[in-house]
Protein chains: 2
Amino acid sequence: MLLQTATTIRNQHVKGPVAAGPENFLFAGCPELIGARLSYRRDEEIYGEAEEAEFVYKVVSGAVRTYKVLNDGRRQIGAFHLPGDLFGFESSTTHKLTAEAVTETVVLVFKRRTLEYFATRNVEVARQLWTLTACSLDQAMERLLLLGRKTAAEKVATFLLEMDQRMHPTGAISLPMTRRDIADYLGLTLETVSRTISQLQAEGMVALSSARQITVQRRSKLRELGSEDVYQ
Amino acid sequence: MLLQTATTIRNQHVKGPVAAGPENFLFAGCPELIGARLSYRRDEEIYGEAEEAEFVYKVVSGAVRTYKVLNDGRRQIGAFHLPGDLFGFESSTTHKLTAEAVTETVVLVFKRRTLEYFATRNVEVARQLWTLTACSLDQAMERLLLLGRKTAAEKVATFLLEMDQRMHPTGAISLPMTRRDIADYLGLTLETVSRTISQLQAEGMVALSSARQITVQRRSKLRELGSEDVYQ
DNA sequence: CGTTAATTTGACGGGAATCAAGGGGAGTGG
DNA sequence: CCACTCCCCTTGATTCCCGTCAAATTAACG
């Protein structure tokens with residue numbers, strides 16, 4: 001990874017879409033903070049659990065999964081990070097999850113210490129970093145409700161709506177992850193995910209042009225099925 | 001605990017244990033920040049989901065649960081807050097969960113805006129507030145793994161170990177919450193929680209002097225059963 | 001075009017939920 | 001002081017959703 005840093009530091013041009021979000025304003029007024037560009041192949045590890053958290057990452061293109069595993073291999077994906085998303089930002093000095101590229105992925109890397117230095121000098125930056133963490137916490141709370149109390153159908157419906165909103169505000173969803181990834185994100189098995197999607201398709205709520213290309217057909221019906229939190 | 005420092009300024013006797021943690025140093029150097037003392041009866045609401053987040057709270061004695069509910073009443077408890085814990089601290093202007101007293105509870109209340117004012121003036125306070133949120137996020141990630149991938153026995157074992165650590169580093173655990181609360185925390189039913197605790201008792205891992213008074217007998221065995229995250 | 005991975009679908013089983021009933025402890029009022 | 005009541009907890013019987021095991025189909029890739 002250090003080798004990679006060396007090679008990619010030269011080509012500074014950033015390609016790919018950068019989603020809107022609070023993180024876009026994060027580095028406002030900090031032109032010194034230029035990240036190095038790094039590429040990862042499919043399934044390549046970006047950082048490991050318990051590793052020192054030296055860098056903070058921003059997805060340029062592709063997708064990243066962060067996860068935890070139990071001793072016997074059971075895996076829980078904490079989050080999928082899509083273009084524009086920041087990840088790897090910890091309060092602790094070590095990472096609490098492992099990060100891997102879901103597909104061919106390009107990220108920008110920032111030195112954590114540099115970021116923290118700016119935070120100590122600029123109150124606004126400090127506030128934005130905190131807001132970022134707090135937003136992740138809100139999302140985590142929503143996921144606790146999903147994992148603890150929703151049925152398989154509700155989980156999948158919620159997932160598809162989330163992806164629909166995050167990837168293409170309109171149009172087909174182009175999923176970068178496998179059914180197994182989705183299963184490990186929702187606390188299900190890949191077979192249950194597959195079966196549930198098939199059923200949603202049979203009921204006309206979604207349409208599949210391929211396994212990874214899904215279009216939401218009846219958003220309101222899907223939303224109803226997703227049984228969101230009462231206040232939301 | 002600054003909070004506690006604040007209380008002890010005029011009221012020297014603070015009852016109840018105050019857990020150690022990063023929040024204890026939160027308000028160092030801000031003696032102006034004195035919280036009002038409030039009491040809540042069992043099951044009384046402290047704040048509601050979607051309500052404006054005007055205050056931040058610190059548990060003095062008793063216990064608080066924060067939770068979300070689905071439209072049909074299914075409930076997921078996000079966290080239990082014990083003496084010494086801070087809660088209700090949001091990045092958003094509104095609360096994302098409901099907070100209720102589990103038992104007779106006393107809290108200290110602080111104006112959120114005052115806290116934020118100190119954060120803008122003191123970098124160290126800002127950092128501690130961020131650390132607090134980040135720690136909650138780490139705990140949430142651990143709970144995602146539990147809810148998504150652990151069995152009933154593993155969930156209950158993990159819960160008992162957590163409570164044992166948080167309540168009395170040694171000695172019997174005195175649970176303030178019902179079996180239903182535990183179930184809604186672990187994504188189970190109250191019957192399954194009851195059955196599982198009975199089984200742990202039969203296997204000699206824990207001993208019950210009453211339903212709410214539990215002693216861990218074989219911590220290593222229980223920890224093994226809890227199947228913690230590989231790196232932890 | 002062959003090889004391998006990903007996905008789908010079916011059959012079956014099991015772990016936890018649901019339904020139901022019985023005990024026990026704390027508080028209350030007679 | 002004791003009976004009564006209301007929860008809370010425990011335990012049993014049964015159901016069912018989802019996991020497991022298995023196989024076929026499709027897609028991806030060199």
Side-chain angles (χ1 to χ4, degrees), chain A residues 41-43 63 65 70 72-76 102-104 146-157 159-160 173-203 206-214 225 227, chain B residues 41-43 63 65 70 72-76 102-104 146-157 159-160 173-203 206-214 225 227:
Chain A
R41 289 186 306 279
R42 197 167 83 100
D43 295 334
R65 58 175 171 255
L70 294 174
D72 62 357
R74 280 173 287 172
R75 183 180 70 159
Q76 178 61 49
V102 173
T103 60
E104 196 74 13
L146 177 142
L147 290 173
R149 290 301 180 210
K150 288 190 183 181
T151 65
E154 291 168 340
K155 287 176 176 181
V156 172
F159 171 76
L160 291 175
I173 316 169
S174 182
L175 296 176
M177 69 289 284
T178 66
R179 295 290 188 260
R180 173 173 292 282
D181 284 331
I182 299 172
D184 287 348
Y185 183 66
L186 300 177
L188 298 171
T189 60
L190 63 91
E191 293 95 330
T192 299
V193 170
S194 179
R195 262 186 264 271
T196 306
I197 292 178
S198 294
Q199 195 163 350
L200 292 180
Q201 187 181 20
E203 290 165 0
V206 300
L208 278 71
S209 55
S210 78
R212 307 278 189 99
Q213 292 287 334
I214 303 183
L225 175 59
S227 30
Chain B
R41 289 185 307 277
R42 197 167 84 100
D43 295 334
R65 58 176 171 256
L70 294 173
D72 62 358
R74 280 173 288 173
R75 180 179 71 157
Q76 178 62 49
V102 174
T103 60
E104 196 76 11
L146 178 142
L147 290 174
R149 288 302 181 211
K150 288 190 183 180
T151 64
E154 291 168 340
K155 287 176 175 180
V156 172
F159 171 75
L160 291 176
I173 316 170
S174 182
L175 297 175
M177 70 288 284
T178 66
R179 295 291 187 260
R180 173 173 292 281
D181 284 330
I182 298 172
D184 286 349
Y185 183 66
L186 300 177
L188 298 170
T189 60
L190 65 92
E191 292 96 330
T192 298
V193 170
S194 179
R195 263 185 265 270
T196 306
I197 291 179
S198 295
Q199 196 164 349
L200 292 180
Q201 186 180 19
E203 290 165 0
V206 300
L208 278 71
S209 55
S210 78
R212 306 281 188 98
Q213 293 287 335
I214 302 183
L225 176 58
S227 27

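Bear in mind that the values here come from a model prediction, so they are computed numbers and not experimental data. The chains referred to below are lettered A, B, ... by the order of the sequence lines, with proteins before strands, and numbering in each begins at 1.
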Q: Applying a 4.0 Å non-hydrogen cut-off, can you work out what B/T151 is touching in the nucleic acid: base, sugar-phosphate, or nothing?
A: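 Sugar-phosphate: the residue B/T151, judged by heavy atoms under 4.0 Å, touches backbone atoms but no base.
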Q: In whole Å, I'd like the distance from the CD atom of B/Q201 to the C1' atom of D/dT11.
A: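 After rounding, the gap between these two atoms is 13 Å.
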Q: Over how many whole Å does the gap from B/K155 atom NZ to C/dG15 atom P extend?
A: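 Computing the B/K155:NZ to C/dG15:P distance gives 14 Å.
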Q: Would you indicate whether A/R42, at its atom CZ, is surrounded by more than 12 heavy atoms from other residues, nucleotides or ligands within a distance under 6.0 Å?
A: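 No, not enclosed.
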Q: Would you say the side chain of A/Q76 lies within less than 4.5 Å of the side chain of A/L147, judging by non-hydrogen atoms?
A: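 In short, these two side chains touch, coming nearer than 4.5 Å.
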Q: In residues 189-200 of chain A, what residues come within less than 4.0 Å of DNA chain D, judged by heavy atoms?
A: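 Here the set is A/T189, A/E191, A/T192, A/R195.
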Q: Hey, does the side chain of B/Q213 reach the backbone of B/S210 with a donor-acceptor pair shorter than 3.5 angstrom?
A: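 Answer holds: no.
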Q: If I take atom CZ in residue A/R180 and atom P in nucleotide C/dT4, what distance separates them, rounded to the nearest angstrom?
A: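 My rounded result for the distance is 19 Å.
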Q: Report the distance from atom CG of B/D184 to atom P of C/dA17, rounded to the nearest whole Å.
A: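 The answer, rounded to whole Å, is 11 Å.
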Q: Within a reach of under 6.0 Å around CD of A/Q199, are more than 12 heavy atoms found that belong to other residues, nucleotides or ligands?
A: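 For A/Q199, atom CD is not crowded (no more than 12 foreign heavy atoms under 6.0 Å).
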Q: Going by heavy atoms in the side chains, are B/L200 and B/L160 under 4.5 Å from each other?
A: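 B/L200 vs B/L160: side chains touch.
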Q: Within a strict 4.5 Å, meaning less than it, do heavy atoms of the B/L70 and A/K150 side chains meet?
A: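 Yes, close enough: below the 4.5 Å cut-off.
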Q: How many whole angstroms separate atom CG of B/L175 from atom P of C/dG25?
A: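 To the nearest whole Å, that distance equals 17 Å.
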Q: B/R74 CZ to C/dT18 P: how many Å, rounded?
A: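 These atoms are roughly 9 Å apart.
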Q: At less than 4.0 Å, is any side-chain N or O atom of B/R179 found next to OP1 or OP2 of D/dT10? Yes or no.
A: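 Result: yes.
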Q: Take the protein atom CG of B/L186 and the nucleotide atom C1' of C/dA17, then report the distance between them rounded to whole Å.
A: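 From B/L186 CG to C/dA17 C1': 15 Å.
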Q: Under 3.5 Å, side-chain donor or acceptor atoms of residues 179-191 of chain A against the rest of the protein: list the pairs with distances, not counting sequence neighbours.
A:
| unit_1 | atom_1 | unit_2 | atom_2 | d |
| --- | --- | --- | --- | --- |
| A/R179 | NH1 | A/A211 | O | 3.2 |
| A/R179 | NH2 | A/A211 | O | 2.7 |
| A/D181 | OD1 | A/R65 | NH1 | 3.3 |
| A/D181 | OD1 | A/R75 | NH2 | 2.8 |
| A/D181 | OD2 | A/R65 | NH1 | 3.1 |
| A/D181 | OD2 | A/T178 | N | 3.4 |
| A/D181 | OD2 | A/T178 | OG1 | 3.4 |
| A/D184 | OD1 | B/R149 | NH2 | 2.7 |
| A/D184 | OD2 | A/R75 | NE | 2.7 |
| A/D184 | OD2 | A/R75 | NH2 | 2.9 |
| A/Y185 | OH | A/E162 | OE1 | 3.1 |
| A/Y185 | OH | A/E162 | OE2 | 3.2 |
| A/T189 | OG1 | A/T192 | N | 3.3 |
| A/T189 | OG1 | A/T192 | OG1 | 3.0 |

Q: By nearest nucleotide on DNA chain D, pick out whichever of B/R149 and B/D43 is the more 5' one.
A: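 Here B/D43 is the residue nearer the 5' end.
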Q: For DNA chain D, whose closest nucleotide is more 5', that of B/M177 or that of A/A153?
A: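 The 5'-side residue here is B/M177.
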Q: Distance check needed: C/dA6 P versus A/L208 CG, whole Å only.
A: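 Atom-to-atom, A/L208 to C/dA6, this comes out as 18 Å.
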Q: Please determine if a side-chain N or O atom of B/R42 lies less than 4.0 Å away from the OP1 or OP2 oxygen of D/dC8.
A: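 For D/dC8, OP1 or OP2 has a side-chain N or O of B/R42 closer than 4.0 Å.
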Q: So if I take every side-chain heavy atom of B/L188 and compare against C/dT7, D/dC18, C/dA17, which nucleotide ends up nearest?
A: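 The closest nucleotide is C/dA17.
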Q: Considering only side-chain heavy atoms of A/R212, which listed nucleotide, D/dC8, C/dT7, C/dA16, is closest?
A: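 Selected nucleotide (nearest to the side chain): C/dT7.
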